[in-house]
Every structure is written in C-alpha cells, then in structure tokens.
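What follows is a single structure, written as structure tokens, with notes after it.
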Amino acid sequence: MGSQEHVCPFCGQPVDTVVKRHKTLGAWVPTWVGGPCRNPDCEAYVEEGAEHDEKHGRPERPEQPETPAAKKS
C-alpha cells in the first residue's frame, strides 16, 4: 500500500481518501480510493451528505437483504 494522494480526474484538486470494500474468496477486503470532489466549480462536484455510488445511483452501503428463516422439519 502506498501513500499516494488521490486527485479529482476532472479538476485535479486533491480529494479525501475513502475506504471501499470488495469480496475476495469469501472475505471482505478494504480498498483505499479517492473520495468525491468538493470543488463547487468542478463538474464532478458532490455536495456534503449526498454521496452515492456513481455506478448504480444508490447509497454506497445498501441494506443487506434479510436471510430467510430456517425451515422446520
């Protein structure tokens, strides 16, 4: 892991580093990525508190579906 600073791909200003996760071999693995741009003049600007997953248009941490109850024999 490096100490690389993340920058906005549109305006080039530094952005916060955020932790995302993905599942590998059944375990959740952290990945450090650039956060949303906070520059109001940038086309990729995201307001404080309006952070959504850009790929799916939903909040980053969707609620997990409930597991079905165990079947009675």
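The residues of the chain are indexed from 1 along the displayed sequence.
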In the structure I gave you, are the side-chain heavy atoms of Lys23 and Val29 within less than 4.5 Å of one another anywhere? no
Working to the nearest 0.5 Å, report the span between NE2 of His6 and CG of Asp16. 10.5 Å
Could you tell me which non-hydrogen atom of Cys42 sits nearest to which non-hydrogen atom of Phe10, and how far apart they are? SG-CB, 3.7 Å
Minimal heavy-atom distance between Arg38 and Val46, with the atoms involved, is NH1-O, 2.7 Å
Minimum heavy-atom separation for Cys11 to Asn39, with atom names? SG-ND2, 3.7 Å
When you measure from the side chain of Arg21 to the backbone of Thr31, do you find a donor-acceptor pair of N or O atoms at a distance under 3.5 Å? no
